[in-house]
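For reference, positions follow the sequence shown, starting with 1.
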Amino acid sequence: RMREVVVKCPLVDAWAHRAVDLAMLNVPAAPEDVEVGPHRAAVDANEKSARVAGAVELSARELETALTTTAARLEGRRVP
């Protein structure tokens, strides 16, 4: 499902590429109260998903702002 959504938003995918990479690489230290095992793996996966989703959402807002600003600038330069 995620791949289908990404394919429909190539500009966001390209714009968010670095932010997603950083979200994947920046792993916080594991809490002491969760043992290593399947539960820890599930917690890690959920946290990684949340970091990636946050990076994509922020990138989408940044892209929207950049495109809106550029469109307004171009509209101001339009020759009738």
*asked:* Please determine whether residues Val56 and Met24 belong to a single hydrophobic cluster, defined as Ile, Leu, Val, Met, Phe, Trp and Tyr linked transitively by side-chain heavy-atom distances below 4.5 Å.
replied: yes
From the list Leu67, Thr68, Thr69, side chain to side chain contact (heavy atoms under 4.5 Å, CB included) with Thr65 holds only for Thr69
In short, Ala19 meets Ala55 closest at the heavy-atom pair O-CB, 3.7 Å
When rounded to the nearest 0.5 Å, the distance separating CD of Glu75 from OG1 of Thr70 is 13.0 Å
The reported gap from CG in Leu58 to CG in Leu63 (rounded to nearest 0.5 angstrom) is 11.5 Å
Q: For the residue pair Arg51 and Val27, establish whether any side-chain heavy-atom pair is separated by less than 4.5 Å.
A: yes
Residues 15-26 vs side chain to side chain donor-acceptor pair (under 3.5 Å), sequence neighbours excluded, gives Trp15-Glu62
Side-chain ion pair, Asp44 and Arg40, N-O less than 4.0 Å:
yes
side-chain hydrogen bond (donor to acceptor under 3.5 Å, both in side chains) filter on Glu57, not counting sequence neighbours, yields none
